[in-house]
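Both backbone and side-chain heavy atoms feed into the values below; hydrogens, waters and symmetry mates do not. Proteins come first, then strands; the chains are lettered A, B, ... in the order of their sequence lines, and each starts at number 1.
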There are 2 protein chains.
Amino acid sequence: MRGVGDVFKALADPTRRTILDELTDRDGQTLFEICARLASKHGLGSSRQAISQHLDLLEAAGLVETRREGRYKFHYINTTPLEPIVRRWLTKGPT
Amino acid sequence: MRGVGDVFKALADPTRRTILDELTDRDGQTLFEICARLASKHGLGSSRQAISQHLDLLEAAGLVETRREGRYKFHYINTTPLEPIVRRWLTKGPT
DNA sequence: ACGTTATGCAAGTGACTGCTTGCCTGTCAA
DNA sequence: TTGACAGGCAAGCAGTCACTTGCATAACGT
């Protein structure tokens with residue numbers, strides 16, 4: 001369904017927000033790359049399956065898009081769903 | 001603590017987002033007013049205690065501020081914590 | 001003073017969430 | 001073809017969350 005609520009739910013978890021930080025820093029990473037960089041740069045000891053489930057959720061919310069190439073799967077951040085989210089309460093007058 | 005995670009957690013629930021919608025429409029409502037308008041305008045049948053707990057959470061996140069006056073407690077929306085939240089991933093270059 | 005109104009506090013419950021565990025599929029190099 | 005590598009699927013478990021239930025506090029009208 002990829003409704004608005006999915007975006008908020010995806011952003012509710014700190015690990016998922018850190019994943020978005022990582023993809024902002026270097027877009028198009030594989031699952032193993034993300035795991036390695038989360039561990040080294042952010043000090044997160046999450047397992048591969050945990051990160052994979054987080055990526056599934058981010059993809060379901062439309063915040064991450066994927067591209068398969070052989071046995072690799074690259075993950076790209078998509079900030080499009082983010083803009084209208086908060087603007088909902090910020091805009092008092094007509095845009 | 002009122003950290004960044006509290007704001008995301010507060011926004012994760014659809015009822016709390018509807019409460020923010022209501023306060024955007026009419027600021028400074030009491031608990032009973034919010035309950036009544038949530039039921040009539042938004043079709044939500046949440047109990048008073050449920051709404052009260054949601055308001056506590058929104059206040060802990062800094063999204064709602066309160067002012068007591070006699071036996072009434074008025075709730076005001078505060079959008080200040082919202083701006084830097086999403087901008088975190090939107091800004092690629094210097095603002 | 002007494003009852004009503006508006007709100008607060010806290011324990012208990014069912015559902016959801018994040019994570020683990022174990023096994024399976026598909027791809028590439030030798 | 002065999003083994004290693006990248007990723008996927010699904011069941012189970014512990015913690016959290018939203019909600020209810022029941023009682024308590026405080027302010028106001030009469």
To the nearest Å, give me how far apart [atom1] ([X]) and [atom2] ([N]) are.
X: A/His54; N: D/dG8; atom1: NE2; atom2: P; value: 15 Å
X: A/Leu55; N: D/dG8; atom1: CG; atom2: C1'; value: 13 Å
X: A/Leu11; N: C/dT17; atom1: CG; atom2: P; value: 15 Å
X: B/Leu44; N: D/dC19; atom1: CG; atom2: P; value: 9 Å
X: A/Leu31; N: D/dC5; atom1: CG; atom2: C1'; value: 12 Å
X: A/Arg67; N: D/dG7; atom1: CZ; atom2: P; value: 13 Å
X: A/Leu57; N: D/dG8; atom1: CG; atom2: P; value: 14 Å
X: B/Asp56; N: C/dG8; atom1: CG; atom2: P; value: 7 Å

N/O donor-acceptor pair, side chain A/Gln53 with base C/dT17, under 3.5 angstrom: no
Pairs involving residues 44-58 of chain A, ordered by first then second residue, that meet side-chain hydrogen bond (donor to acceptor under 3.5 Å, both in side chains) (sequence neighbours left out):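 Applying side-chain hydrogen bond (donor to acceptor under 3.5 Å, both in side chains) to every pair that reaches into residues 44-58 of chain A, excluding sequence neighbours, yields A/Arg16-A/His54.
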Phosphate-side-chain proximity, B/Ser47 and D/dT20, N/O vs OP1/OP2 below 4.0 Å: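 Looking at the OP1 and OP2 atoms of D/dT20, one of them is under 4.0 Å from a side-chain N or O of B/Ser47.
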Residue-phosphate contact under 4.0 Å: A/Thr30 side-chain N/O, D/dA6 OP1/OP2: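 Answer is no, no contact under 4.0 Å.
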Those residues that, when tested against A/Arg17, pass salt bridge (charged side-chain N to carboxylate O under 4.0 Å, His left out) (two or more places apart):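 Once residues adjacent in sequence are excluded, A/Arg17 has no partner under the salt bridge (charged side-chain N to carboxylate O under 4.0 Å, His left out) criterion.
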Show each protein N/O and nucleotides 12-17 of chain D N/O combination with a separation under 3.5 Å, one pair to a line.
none

Shortest non-hydrogen separation from A/Thr79 to B/Trp89 and the atoms involved: CG2-O, 3.6 Å
Per-nucleotide protein contact string for nucleotides 23-30 of chain C (B base, S sugar-phosphate only, - none; heavy atom under 4.0 Å): ----BS--
Lys/Arg-Asp/Glu bridge criterion (N-O < 4.0 Å) met for B/Glu33, B/Arg37: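 Here B/Glu33 does not pair with B/Arg37 in a salt bridge, since their nearest N and O are not under 4.0 Å apart.
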Side chain proximity check, A/Leu20 to A/Leu11, heavy atoms < 4.5 angstrom: yes
Residue pair B/Val86 / A/Glu83, side-chain heavy-atom distance below 4.5 Å: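 Result no, sub-4.5 Å side-chain heavy-atom pair not found.
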Residues which pass side chain to side chain contact (heavy atoms under 4.5 Å, CB included) with A/Leu38, listed by chain and number, not counting sequence neighbours: A/Thr18, A/Ile19, A/Glu22, A/Ile34, A/His42, A/Leu44, A/Ile51
Show the atom names and distances, to 0.1 Å, of all donor-acceptor pairs under 3.5 Å that link a side chain in residues 57-75 of chain B to residues at least two apart or in another chain.
from    : atom 1 : to      : atom 2 : distance (Å)
B/Glu59 : OE2    : B/Thr66 : OG1    : 3.0
B/Glu65 : OE2    : B/Asn78 : ND2    : 3.4
B/Arg67 : NE     : B/Tyr76 : OH     : 3.1
B/Arg67 : NH1    : B/Glu69 : OE1    : 2.4
B/Arg67 : NH2    : B/Tyr76 : OH     : 2.5
B/His75 : ND1    : B/Gln29 : O      : 3.1
B/His75 : ND1    : B/Lys73 : O      : 3.3

Verdict with supporting geometry, A/Asp21 and B/Arg88, side-chain contact (heavy atoms from CB on, under 4.5 Å): CA-CA 8 Å; A/Asp21 290 337; B/Arg88 169 175 175 184; 2.6 Å; yes
